[in-house]
Amino acid sequence: MMKKRMNKKAEENVLQRHISAIIILILFTIGTFTFMTLQANGAVIKEKIAVRQIALLINSMQPGTKIVIDMAKLKDEAMSYDYAGKILEINPEKNQIKIQLGKGKGQIYPYYTRLGADNIQDLNKEIHITS
Amino acid sequence: MRDKGGTMEIDAIPVMIIFIVILAVIAVNTTIFYSANINVDKKDSEILNERIISCFNKNEINTLVGASEKIAEGCNLDLDKLKTNKYYINITLGFGVEEENLQIGNPDIVLQCKLKEDSKAKNFGSCTHTRAYASSGQILIVTTGVNNAYRK
């Protein structure tokens, strides 16, 4: 009788361990897939793409060129991530562009076209860059 | 461990650890895949190459003596930036026998480009090699390399 009761208790313990392990595994799986979805669709990927596009655009500027960056689409993206701060910063001293669409740190990318502060005009809706 | 009936009893904890490790590997690889997929070094090196050749033609540069300053002044290229680890420029100008050579930046990128051709390693630099004629009729060979994975 005693042995039977002990066996039942041991079985219950094993069952409890299995159930808790399965719950942890399910939570971890959900976490991993959420992370992967965020990686694929999140602000970071959009920031990486936008910062590279603008850097290539600036790098391809021959002397006497003017480019106009329309900020409307980037602003919509930033709004979808509840971000209302500065989206695009061009730092002519460090030759770097920074784009931030979400609440993270943003993405920085270098460019090699020589620009001065007076070559960049931030008109809020548009950014004008002359070379 | 085997029970009295001889069937295998699998402990949940080691199995869970194995699954977690597999999921962690998938997550890390996803991150690497997305960051490597938006590597624009090749396009960047093509743009730089094109700009140097057009710079030589527009400014009618026929010697490499002091050419780097002319490239910086006449073509709006930031030499300080191009001298960092991320970029490499090699310019050869001449008629084949007596040639001048100018190197700017990090020459390691050329080796990376060669290795990349063989191994397809995504984080190695990308290069563009162009042979053209300068306005003086001399042969102008320009090799440019970019690797933005370098920190500085």
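Convention: sequence-line order gives letters A, B, ...; per-chain numbering from 1.
- At a heavy-atom separation below 4.5 angstrom, chain A is approached by B:A72, B:E73, B:G74, B:C75, B:N76, B:L77, B:D78 within residues 64-78 of chain B.
- Looking at A:I19, neither its backbone nor its side chain comes within 4.5 Å of chain B, counting heavy atoms on both sides.
- We find the NZ-OH distance between B:K86 and A:Y112 to be 13.0 Å, quoted to the nearest 0.5 Å.
- With a 4.5 Å cut-off on non-hydrogen atoms, A:Y111 touches chain B through its backbone but not through its side chain.
- Heavy-atom pairs under 4.5 Å with chain A peak, among B:K81, B:K43, B:E46, at B:K81.
- Linking ILVMFWY side-chain heavy atoms closer than 4.5 Å, directly or via other members, places B:I18 and A:I24 in a single hydrophobic cluster.
- For the atom pair CZ (A:F28) and CD1 (B:I22), the distance works out to 11.0 Å, reported to the nearest 0.5 Å.
- Distance check: B:I38 CD1 to A:E47 CD gives 10.5 Å after rounding to the nearest 0.5 Å.
- No continuous path of hydrophobic side-chain contacts links A:I49 to A:I108 [ILVMFWY only; heavy atoms under 4.5 Å].
- Contact of A:S20 with chain B is not made at all, since no heavy-atom distance falls under 4.5 Å.
- To the nearest 0.5 Å, the span separating CD1 on B:I47 from CG on A:L57 amounts to 8.5 Å.
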Side chain to side chain contact (heavy atoms under 4.5 Å, CB included) between B:N148 and A:R52: does it pass, once the steps are laid out?
-> CA-CA 11 Å; B:N148 274 305; A:R52 281 159 177 75; over 6 Å; no

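- Residues of residues 115-131 of chain A lying under 4.5 angstrom from chain B, judged on non-hydrogen atoms, are A:S131 by number.
- The environment of CD in B:E99 is crowded: more than 12 heavy-atom neighbours from other residues, nucleotides or ligands sit within 6.0 Å.
- When hydrophobic clusters are built by joining Ile, Leu, Val, Met, Phe, Trp and Tyr residues whose side-chain heavy atoms come closer than 4.5 Å, directly or via intermediates, B:I26 is grouped together with A:F33.
- Here OH of A:Y109 is found 5.5 Å from CG of B:D44. Values are rounded to the nearest 0.5 Å.
- Side-chain contact check for B:L48 versus A:N59: every heavy-atom pair is 4.5 Å or farther apart.
- Interface remark: B:I20 contributes backbone and side-chain atoms alike to the contact with chain A (heavy atom separation under 4.5 Å).
- No path of Ile, Leu, Val, Met, Phe, Trp and Tyr side chains, each step under 4.5 Å between heavy atoms, connects B:Y133 with B:I52, placing them in separate hydrophobic clusters.
- The neighbour count for A:E77 CD, taken as heavy atoms of other residues, nucleotides or ligands under 6.0 Å away, is above 12.
- Taking every heavy atom of both residues into account, B:R51 and A:I58 meet most closely at NH1-O, 4.2 Å.
- In this structure, A:L15 is a member of the same hydrophobic cluster as A:I23, with clusters built from ILVMFWY side-chain heavy atoms closer than 4.5 Å.
- Residue contact with chain A, scored on non-hydrogen atoms closer than 4.5 Å, is absent for B:L79.
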